[in-house]
Amino acid sequence: MNRQTATARAVEESIRWRERPRKSFAPFRADQDFACDVFGRQAMRARLPKSVFQSLIQTIEHGEPLDTEVANVVATAMKDWALERGATRYTHWFQPLTGLTAEKHESLIMPDGPGRVVYALSGSELIQGEPDASSFPSGGLRATFEARGYTAWDPSSPAFIVRGDHDATLCIPTAFVSWNGEALDKKTPLLRSIDALGEQALRILRIFGTDAGVSRVYTTLGAEQEYFLVDSNYFHARPDLVSCGRTLFGARPPKGQQLADHYFGSIPQRVLAFMDEVEVELHRLGVPVRTRHNEVAPGQYELAPVFEETNVACDHQMLIMETLTRVAPRYGFKALLHEKPFLGVNGSGKHNNWSITTDTGVNLLDPRDETHTNMQFLVFLCAVIQAVDRHSDLLRASIASAANDHRLGANEAPPAIMSVFLGDMLMDIIEQLEQGDAKRTIKKGAINLGAKSLPQIPRHSGDRNRTSPFAFTGNKFEFRAVGSSDSVAWPNTVINTIVAESLDDIATQLEKAVGANPTAAKLEQAVKRVLKQVISEHKRIIFNGDNYSKEWHAEAERRGLPNLRNTVEAVPCLKSRKAVALFKKYNVLTKPELESRVNIFLEKYAKQCMIEAEQMVAIGRTAILPAAIEHQARVAESVAATEGAGVDCESGRQALEDLVELVEQFREALAQLEKAARLEQDLEEQPLAAARHIQSRVHPAMDEVRRLGDQLEATIADELWPLPTYREMLSTR
């Protein structure tokens, strides 16, 4: 499809949606079961014998072994429930190290004698599957010829049904491991990290005597999702969007996001219809969507779910991305989840709102009133501060990718330097603790709006800092640096593990200080002493100012904070002796499992960048150069005709000469990029060396090709330019 056809169809589609009466969805009733396609606790309680249900809950909440007979009963009930909803197949739904989800569908239909069939799902089939593991990334854990892998049912994440146009499939969330038992997925280390943090958090509660009734501590997560919508016609007319998810060429439009008129603006009717259907589908899958709105850039939007247990929230985050991409074509859109699909405008992230909770419903990161007296909260707060400072390199590595490299430090995104924002109230308490004792909490107060008809509104204890990568926001930490296309499982695995170590360290000191017969006075003195030391050693990570400023970069360097600017610098930190010891100590990842992830991350980085380089050369050679040469011929013909008529055309000749020079520069830049992108065989077999070569040679060559290509776009006649422009893609709704 050429640009002119794409534009005509996109405009026609936009007009059609503006003139179309809006489809109305029946509102959810308060008494309605939102999760109608989810085999959650309500469905299990209704269908399982009481003893079986209670046994399963013990497995889910306390990790007790799952009895085989219980699994058989659950499998039969799940099968009957799925059949009633039209499902004829089931799949073990898992998250391999591709960063996506995977599934192999199995039939629920089994032969039962000549010409007869029955529907069946056994307990063993529910608990364990065996997909081929040979073609999934293993980073050296498995050889290609070693194909066996296992999926293992995760009963803590509810099964659900995904519906197609003509079918429905029962999806059973599972872990994915090799024949050797090594983790080949994102879920297994996440579950291990949640257990590790919970164990150490319980030690803190026991020290304070607040563990009564608490049998489990876990983390919660609310992950906001940013994305772009472009008309499908434009998408298919842009080879770079199709193969890379981002535009490799594109001149800056006169109007972008300068006026901030898109942010929180009225949602276009076509987009709103898409959002409605996305939310209906997500509600059926048990994913509770809370908010939706226009984001900063034209064509950019956001949705946010309700907080859930981290494991379930990570599964739901994958379902959100899949649902966005699946529903968008029904409305003539393509959902772009890439972190930087358009250069020069707001990038897309996934704000990772993380907290720690007991199974009795207590948020351990809730400061409450008179925060300076809430010593237990201050212990958890300082544990996080210590964890981020000790392992800021691992935190940075957890969100490293080729796509996120384009976003971090750019428009509306935090820099690659990890720091913690606390706000005025908590910062004041931290400073008091450093001096030895905290005696006051800054009061929140209220805001008088100056009009009698308007209410006084309560002021939060601290402002928000949207430039901070790791910010405290009321009763949680918001890790703003996670990329929009990434799974949130790996960043949360890292956060859980580093905080588990920090809690372990503080608990050990406090247990030693208070002894076997602690008193309130002894505990208070011990806590103050430990927190003072933690703050003194790790306060350098706290920064409440503008993280975008050049001054902060200089200040961070003076503080000794690492500035890992790209994936090539960040990922190797995972191979450090410190990292290996950390993940091994808390049984999250063995050394081979951790090293395999380093190899996979670097291989993925190299392959994505090479695809982009090859695609850039192809577009430049087959689309932009022919258009430039055609425009050059037109200019030359015009100059020749003008001079043939006896009219001086010095400015025209100069313009022609400049154009010829620009075209030749572009042609030479393409040749240099093609040369730089030819990786020798030894580089292909060394992921880190290949990544470094790409960073030092390929990326500068790509930047030069883009600079010249965008300059040609601003020069060539609009009717000749072969690619849909930023102006068209960002404005047509």
Side-chain angles (χ1 to χ4, degrees), residues 99 221-230 235 241 244-247 256-257 260-265 267-268 271-272 274-275 278-279 282 287-307 313-314 316-328 331 333-354 398-399 401-415 464-471 473 476 478-489 491-492 547-548 726 729-730 733:
L221 174 66
E224 305 163 27
Q225 177 71 55
E226 294 176 337
Y227 60 96
F228 279 84
L229 292 175
V230 298
F235 174 81
L241 283 180
C244 307
R246 75 179 183 102
T247 54
Q257 62 188 52
D261 52 348
H262 187 261
Y263 193 46
F264 277 31
I267 302 174
V271 175
L272 197 57
F274 157 76
M275 289 179 169
V278 165
E279 291 184 12
L282 288 174
V287 184
V289 177
R290 180 78 177 186
T291 65
R292 64 188 185 194
H293 63 85
N294 289 2
E295 253 300 333
V296 174
Q300 187 185 33
Y301 307 93
E302 179 181 306
L303 67 80
V306 176
F307 278 73
C314 289
H316 284 173
Q317 179 56 220
M318 301 304 294
L319 286 175
I320 286 173
M321 292 193 288
E322 291 177 359
T323 303
L324 287 170
T325 56
R326 187 176 68 250
V327 174
Y331 294 85
F333 284 131
K334 179 68 179 181
L336 303 179
L337 301 179
H338 194 283
E339 284 73 3
K340 202 73 174 177
F342 302 103
L343 185 66
V345 299
N346 191 46
S348 292
K350 199 175 335 235
H351 300 167
N352 191 95
N353 296 283
W354 173 92
S398 75
I399 45 88
S401 70
N404 215 16
D405 280 357
H406 296 289
R407 167 180 168 262
L408 293 180
N411 302 69
E412 303 297 331
R464 297 185 67 182
N465 188 331
R466 66 184 306 169
T467 71
S468 175
F470 207 84
T473 55
K476 63 188 184 300
E478 183 180 31
F479 189 22
R480 296 177 58 88
V482 182
S484 55
S485 65
D486 285 340
S487 163
V488 290
N492 283 283
N547 286 252
Y548 291 167
Y726 274 25
M729 289 186 288
L730 293 174
R733 292 292 169 270

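Owing to the predicted nature of the structure, the values given are computational and were not obtained by experimental measurement.
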Q. Does E478 have any salt bridge (Lys or Arg N to Asp or Glu O under 4.0 Å) partners at least two apart in sequence or in another chain, and if so, which?
A. R464, R480
Q) Partners of P491 by side-chain contact (heavy atoms from CB on, under 4.5 Å), sequence neighbours excluded? A) S398, I399, F479, V482
Q. Can you list the residues that meet the side-chain hydrogen bond (donor to acceptor under 3.5 Å, both in side chains) rule with K334, with sequence neighbours excluded?
A. none
Q | Backbone of L337 reached by a side-chain donor or acceptor of S484 within 3.5 Å | A | yes
Q) Between M275 and V289, does a side-chain contact (heavy atoms from CB on, under 4.5 Å) hold up when you go through it step by step? A) CA-CA 11 Å; M275 289 179 169; V289 177; over 6 Å; no
Q: Sequence neighbours left out, what passes ring pair (Phe, Tyr, Trp, His ring centres under 6.0 Å) with Y263? Give chain and number order.
A: none
Q. Out of curiosity, E339 CD to F228 CZ, how far, rounded to the nearest 0.5 Å?
A. 11.0 Å
**Q.** Distance (rounded to the nearest 0.5 Å) between T291 OG1 and E224 CD
**A.** 6.5 Å
Q: Start with the C-alpha gap between R733 and V271, add the side-chain angles, then the distance that decides, and say whether side-chain contact (heavy atoms from CB on, under 4.5 Å) holds.
A: CA-CA 7 Å; R733 292 292 169 270; V271 175; 4.0 Å; yes
Q. Under the 3.5 angstrom rule, does the side chain of E226 hit a backbone N or O of G349 as a donor-acceptor pair?
A. yes
Q: Could I get the full list of side-chain hydrogen bond (donor to acceptor under 3.5 Å, both in side chains) partners for Q300, not counting sequence neighbours?
A: N346, S348
**Q.** With H262 via ring pair (Phe, Tyr, Trp, His ring centres under 6.0 Å) - residues at least two apart
**A.** Y301
Q: Just jot down the salt bridge (Lys or Arg N to Asp or Glu O under 4.0 Å) partners of R246, sequence neighbours excluded, or say none.
A: E612
Q: Could you tell me the separation between the CG atom of L319 and the CG atom of L324, rounded to the nearest 0.5 Å?
A: 11.0 Å
Q | Results of side-chain hydrogen bond (donor to acceptor under 3.5 Å, both in side chains) for S401 - residues two or more places apart only | A | none
(Q) Once rounded to the nearest 0.5 Å, what's the spacing between atom CG of N492 and atom CH2 of W354? (A) 8.5 Å
Q. Which pair of heavy atoms, one from H316 and one from P288, lies closest together, and at what distance?
A. ND1-CD, 4.3 Å
(Q) My understanding is that only one of E302, K350, R292 makes a side-chain hydrogen bond (donor to acceptor under 3.5 Å, both in side chains) with Q225; could you say which? (A) K350
Q | Minimum-distance pair of heavy atoms, taken over all atoms of H338 and K340 | A | ND1-N, 2.8 Å
Q. Residues two or more places apart in sequence or in another chain: which of them pass salt bridge (Lys or Arg N to Asp or Glu O under 4.0 Å) with R326?
A. E281
**Q.** Residues forming a side-chain contact (heavy atoms from CB on, under 4.5 Å) with T247, sequence neighbours excluded
**A.** R238, D240, L241, F342, R706, Y726, M729
Q) About how many Å separate CZ of F235 and CG of L229, when rounded to the nearest 0.5 Å? A) 12.5 Å
Q. Between atom CG of L303 and atom CD of E295, what is the distance when rounded to the nearest 0.5 Å?
A. 11.0 Å
Q) Does the side chain of Q317 come under 3.5 Å of the side chain of S487 through a donor N or O and an acceptor N or O? A) no
Q. At their closest point, which heavy atom of P298 faces which heavy atom of G256, and how far apart are they?
A. CG-O, 3.4 Å
Q. So, does N404 use its side chain to make a donor-acceptor pair with the main chain of A481 at under 3.5 Å?
A. yes
Q) What are the two closest non-hydrogen atoms of V488 and A223, and how far apart are they? A) CG1-CB, 4.2 Å
**Q.** A313: side-chain contact (heavy atoms from CB on, under 4.5 Å) partners, not counting sequence neighbours
**A.** L221, E308
**Q.** Residues that D405 engages under salt bridge (Lys or Arg N to Asp or Glu O under 4.0 Å), provided they are two or more places apart
**A.** R396
